[in-house]
Amino acid sequence: MTSFDHISVLLHETVHLLCSGLSQKFDSGRAIFADCTLGGAGHTLLLLKTLSAAIEKQHGSHLEFEVLCCDQDAFALAIAQERINDWLRTNPAAAKQINVNLLAINFRDFPHWFANNRKEFKLNGLMADLGVSSPQLDSAERGFSFLREGPLDMRMNNSQGRTAKELLEQLDEKELTRIFQEFGEEPRARALARAIVKDRASGLLPMSNTVEFAQYVARVLGYHQSRVHPATRVFQALRIAVNEELSAVEDLLSAIPELMAEDGWAAVISFHSLEDRLVKRYFRAWEAGALTPQAKQASEKKQWMEAQMGLSAVAGDNRLSLGEESPRGGVVAQADELQRNPRSRSARLRGFHFLKST
């Protein structure tokens, strides 16, 4: 992979949320924003342009901005660094008042980094695009896609962790079934897991490349009349399992309230129902006041959150509400964006306005 050509989804909608009322909020002082999933830097570059416009409107006020950017993909980080540096060089006036820091970390580790390195501050805006970027999907050597022949890898950070092939080689039928059911919502998960374990034992499981394994999945599952490839849900499930994506999202979401300043905004873009459900439940919990100061002291915070949220409405105390989801139900791509970027069809942006900090 020699380039990182990615079209950021819901670009203007996301940055608009983060910068709502920007010129009125920050007459002087310091404002901090975080892009937890930098990728090709599309959202960050528009954020920088918006902050630059705010600085110009204030006619050289003493406002200082900091933008913290995270990505665990070393290649994406290097490309983003070049693009951001180019922008800063061509906007020297804004560069004096905007400090950009790139962090080579998984977004799940950002709250810990922030607590250790910026503990005297709160965030005025945080965004996270939970999708896999086009360059990652389209790069055969990363192994995310069954449309291009490549290794069964699927790691976002290809320097650590188990590959998809290793999971298929090592996990038993019960665990494979769970992965295909929970992360792929695959109706025939058990039958596929059973076939994998059986054929693995006899040396008949094809795992030399993504295309070969996808063809195997199609043979086992059938779905001859399906409009989508039979391996779609299975590849999604393996990718989520390899990268521990849902637990990483929970780690970030559970920590966000402690990071945010009063009147700050969190904006999260999800690409499938599993992620969006998590985001919606956490937002509704914050809105209902379920995330109380006492809960923050609980030794098993994640389990407490799960018990509080459940599958229906959150029971909380509205007097402890941290703010509100806005706009209600989120934002999806409009016709013009769908035409430019068909992959945006599954994206949903949810925003939360923190009316008070924890």
Side-chain angles (χ1 to χ4, degrees), residues 9-10 14 36-37 39 72 106-108 126-134 136-137 143-146 154-157 161-162 164 167-168 171 174-190 192-193 217 221 223 226 228-256 266-287 290 301-314 325 329-333 343-352:
V9 302
L10 297 167
T14 301
C36 294
T37 50
Q72 63 178 329
N106 187 305
F107 62 75
R108 75 189 311 166
L126 176 148
M127 57 183 165
D129 178 343
L130 303 178
V132 182
S133 68
S134 296
Q136 289 170 326
L137 286 172
F144 288 109
S145 174
F146 48 76
M154 302 192 189
R155 292 172 298 171
M156 298 287 189
N157 183 343
R162 288 190 292 179
L167 293 187
L168 292 169
L171 300 183
K174 182 179 179 181
E175 184 62 12
L176 287 170
T177 299
R178 184 190 70 81
I179 287 172
F180 298 148
Q181 284 179 338
E182 290 186 15
F183 301 156
E185 299 180 297
E186 171 52 58
R188 301 178 188 175
R190 190 176 302 279
L192 176 60
V217 171
L221 294 181
Y223 298 128
S226 176
V228 298
H229 195 288
T232 301
R233 288 187 290 264
V234 174
F235 268 61
Q236 172 184 294
L238 286 171
R239 191 200 76 222
I240 291 173
V242 164
N243 297 289
E244 300 180 345
E245 290 179 26
L246 295 184
S247 63
V249 172
E250 286 213 69
D251 285 348
L252 177 64
L253 289 171
S254 64
I256 283 177
V268 182
I269 303 171
S270 57
F271 283 81
H272 55 74
S273 60
L274 299 174
E275 292 171 341
D276 186 55
R277 255 178 260 152
L278 274 178
V279 176
K280 178 181 176 180
R281 290 177 191 173
Y282 272 86
F283 280 19
R284 298 294 165 83
W286 302 339
E287 198 170 63
K301 185 162 116 180
K302 188 178 292 186
Q303 285 80 353
W304 185 91
M305 281 294 295
E306 290 171 353
Q308 288 293 309
M309 290 187 292
L311 295 174
S312 57
V314 177
E325 180 185 356
V331 177
V332 296
R343 283 178 175 164
S344 66
R345 67 185 180 278
S346 56
R348 180 179 296 272
L349 165 68
R350 291 186 184 270
F352 192 89

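Predicted, not measured: the structure shown is a model, and the values here were computed from it.
- Pairing each heavy atom of Ala347 with each of Leu10, the nearest pair is CB-CD1, 4.1 Å.
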Could you check Gln236 against Leu274 for side-chain contact (heavy atoms from CB on, under 4.5 Å), going step by step and ending with a plain yes or no?
CA-CA 11 Å; Gln236 172 184 294; Leu274 299 174; 4.1 Å; yes
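- Interatomic distance, CG of Leu192 versus CD1 of Ile179, reported as 11.0 Å (0.5 Å rounding).
- Legend: residues meeting side-chain hydrogen bond (donor to acceptor under 3.5 Å, both in side chains) with Arg190, ordered by chain and number and at least two apart, are absent.
- Side-chain N or O atoms of Gln72 include none that pairs as donor or acceptor with a backbone N or O of Phe107 at under 3.5 Å.
- Side-chain contact between Val234 and Leu221: present, with at least one pair of heavy atoms (C-beta onward) separated by less than 4.5 Å.
- In this view, Ser270 and Asp276 satisfy the side-chain hydrogen bond (donor to acceptor under 3.5 Å, both in side chains) rule, not counting sequence neighbours.
- Looking at every heavy atom in both residues, Leu246 comes nearest to Leu278 through O-CD1, 3.9 Å.
- Partners of Glu245 according to the side-chain hydrogen bond (donor to acceptor under 3.5 Å, both in side chains) rule, which considers only residues two or more places apart in sequence or in another chain, are Arg239.
- When every heavy atom of Gly330 is checked against every heavy atom of Glu325, the shortest pair comes out as N-OE2, 3.9 Å.
- Using a 4.5 Å cut-off on side-chain heavy atoms (C-beta onward), Leu176 and Leu168 make contact.
- Atom OH of Tyr223 and atom CD of Glu186 lie 3.5 Å apart (nearest 0.5 Å).
- One finds the CZ atom of Phe352 at 10.0 Å from the CZ atom of Arg284 (value rounded to the nearest 0.5 Å).
- Remark: Glu175 pairs with Arg178 by the side-chain hydrogen bond (donor to acceptor under 3.5 Å, both in side chains) rule, at least two apart or across chains.
- Here the SG atom belonging to Cys36 is positioned 9.5 Å from the CG atom belonging to Leu130, to the nearest 0.5 angstrom.
- Note: Asp129 CG to Phe271 CZ = 4.5 Å, rounded to the nearest 0.5 Å.
- You'll find the side chain of His272 reaches within 4.5 Å of the side chain of Ile240, heavy atoms only.
- Under 4.0 Å is where a charged nitrogen must lie from a carboxylate oxygen, and between Arg233 and Glu185 no such pair does.
- Salt-bridge annotation for Glu287 and Arg350: absent, with no side-chain N of the basic residue lying under 4.0 Å from a carboxylate O of the acidic one.
- For Arg155, the salt bridge (charged side-chain N to carboxylate O under 4.0 Å, His left out) partners are Asp153, not counting sequence neighbours.
- Partners of Arg162 under the salt bridge (charged side-chain N to carboxylate O under 4.0 Å, His left out) rule, at least two apart in sequence or in another chain, do not exist in this structure.
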Go through the steps for Ile256 and Trp286 under the test side-chain contact (heavy atoms from CB on, under 4.5 Å), then give the verdict.
CA-CA 10 Å; Ile256 283 177; Trp286 302 339; 3.8 Å; yes
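- Here the straight-line distance linking atom CG of Leu252 with atom OG1 of Thr37 works out to 9.0 Å at 0.5 Å rounding.
- Here the shortest heavy-atom pairing between Gly184 and Ala237 reads N-CB, 3.6 Å.
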